[in-house]
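This one's a predicted model, so the numbers in the text were calculated from it and none came from an experiment.
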Amino acid sequence: MKYHRLKYRLCMQHSFDGKIENKHQHLIEIEIVARQMTEDFMEFASMDSILEKVFGPYQYQYLNDFPEFEGNTSIENLGEVFYLKVRDALERQHWKFARFEISETPLRIYAIVEETF
């Protein structure tokens with residue numbers, strides 16, 4: 001089977017206690033692995049444009065302001081929220097989601113795997 005693997009970097013701000021005076025920045029790295037559900041050739045640009053639509057609104061933003069995080073901006077909760085958004089967006093465009101990883105450092109990675117490859 002053939003898979004596309006794409007990384008996305010999201011520069012965001014958050015605070016653990018919800019207080020704006022305690023906000024700080026992170027560069028989050030997100031890796032997505034997916035495969036095509038159709039026989040038609042699809043380029044990385046197709047997957048990249050989908051991810052840009054999902055993550056673009058959060059780029060350089062204070063994530064505590066977004067209701068979807070419900071005040072919880074832990075890496076695990078970010079992963080859960082973004083995973084659902086990415087999976088749904090990819091599958092609407094004929095991609096089969098396989099793996100989602102989100103990390104704040106190379107040593108701390110939260111992963112969700114639907115399909116082994």
Side-chain angles (χ1 to χ4, degrees):
M1 234 177 257
K2 299 175 184 177
Y3 290 86
H4 283 74
R5 181 176 168 190
L6 195 135
K7 291 186 180 182
Y8 192 94
R9 291 198 172 104
L10 177 65
C11 186
M12 49 70 85
Q13 300 173 359
H14 78 130
S15 61
F16 286 111
D17 59 7
K19 296 179 181 174
I20 193 122
E21 61 269 12
N22 294 329
K23 75 178 179 180
H24 56 279
Q25 292 187 182
H26 285 279
L27 179 62
I28 301 295
E29 186 167 276
I30 299 168
E31 182 175 308
I32 310 296
V33 179
R35 64 179 170 87
Q36 298 173 208
M37 294 190 317
T38 67
E39 295 296 319
D40 299 332
F41 176 75
M42 298 173 95
E43 296 180 353
F44 272 107
S46 169
M47 190 175 168
D48 196 31
S49 68
I50 294 166
L51 297 180
E52 180 58 37
K53 288 178 185 170
V54 171
F55 297 124
Y58 304 101
Q59 192 69 270
Y60 305 108
Q61 299 300 312
Y62 179 59
L63 297 186
N64 294 74
D65 287 342
F66 289 86
E68 55 266 47
F69 299 114
E70 298 177 350
N72 181 354
T73 56
S74 67
I75 197 73
E76 295 85 0
N77 194 53
L78 293 177
E80 293 292 328
V81 170
F82 288 143
Y83 150 73
L84 292 173
K85 289 178 176 288
V86 166
R87 186 194 65 190
D88 293 346
L90 286 174
E91 290 183 357
R92 279 194 304 273
Q93 297 298 317
H94 309 291
W95 290 90
K96 175 63 178 140
F97 176 89
R99 183 179 182 94
F100 175 95
E101 289 186 4
I102 185 169
S103 62
E104 56 187 337
T105 73
L107 301 176
R108 292 183 176 183
I109 301 168
Y110 183 72
I112 300 171
V113 179
E114 285 190 6
E115 187 174 297
T116 58
F117 46 95

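- With N22 contributing its side chain and S15 its backbone, the two residues share no donor-acceptor pair below 3.5 Å.
- Checked against the 6.0 Å centroid threshold, Y58 and H14 do not count as a close aromatic pair.
- One finds the NZ atom of K7 at 14.0 Å from the CG atom of L51 (value rounded to the nearest 0.5 Å).
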For K96 and E91, what are the C-alpha separation, side-chain angles and deciding distance, and is it a salt bridge (charged side-chain N to carboxylate O under 4.0 Å, His left out)?
CA-CA 6 Å; K96 175 63 178 140; E91 290 183 357; 3.8 Å; yes
Under the side-chain contact (heavy atoms from CB on, under 4.5 Å) rule, what do Q36 and Y3 come out as? Steps first, then yes or no, please.
CA-CA 7 Å; Q36 298 173 208; Y3 290 86; over 6 Å; no
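- Linking ILVMFWY side-chain heavy atoms closer than 4.5 Å, directly or via other members, places F16 and V81 in two distinct hydrophobic clusters.
- The aromatic ring centres of F100 and F82 sit 6.0 Å or more apart.
- Residues Q25 and Y62 bring no donor and acceptor atom of their side chains to less than 3.5 Å of each other.
- A donor atom on one side chain and an acceptor atom on the other are not found under 3.5 Å apart for Y83 and E101.
- Using a 4.5 Å cut-off between side-chain heavy atoms of Ile, Leu, Val, Met, Phe, Trp and Tyr, with links allowed through other members, L78 and L84 fall into the same hydrophobic cluster.
- Cluster annotation: L27 and L10 are assigned to distinct hydrophobic clusters (Ile/Leu/Val/Met/Phe/Trp/Tyr, side-chain heavy-atom contacts under 4.5 Å, transitive).
- Between L90 and A34 the shortest heavy-atom distance is CD1-CB, 4.1 Å.
- The main-chain N or O of P106 is never found under 3.5 Å from a side-chain atom of S103 such that the two would form a donor-acceptor pair.
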Evaluate side-chain contact (heavy atoms from CB on, under 4.5 Å) for D65 paired with Q61, printing each intermediate quantity in order.
CA-CA 8 Å; D65 287 342; Q61 299 300 312; over 6 Å; no
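- Checked by atom type, the side-chain pair E52/Y8 shows a donor-acceptor distance below 3.5 Å.
- Proximity of K85 to E68: side-chain heavy atoms (C-beta onward) are separated by under 4.5 Å at one or more points.
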Run the side-chain contact (heavy atoms from CB on, under 4.5 Å) check on E31 and V33 step by step: do they pass?
CA-CA 7 Å; E31 182 175 308; V33 179; 4.2 Å; yes
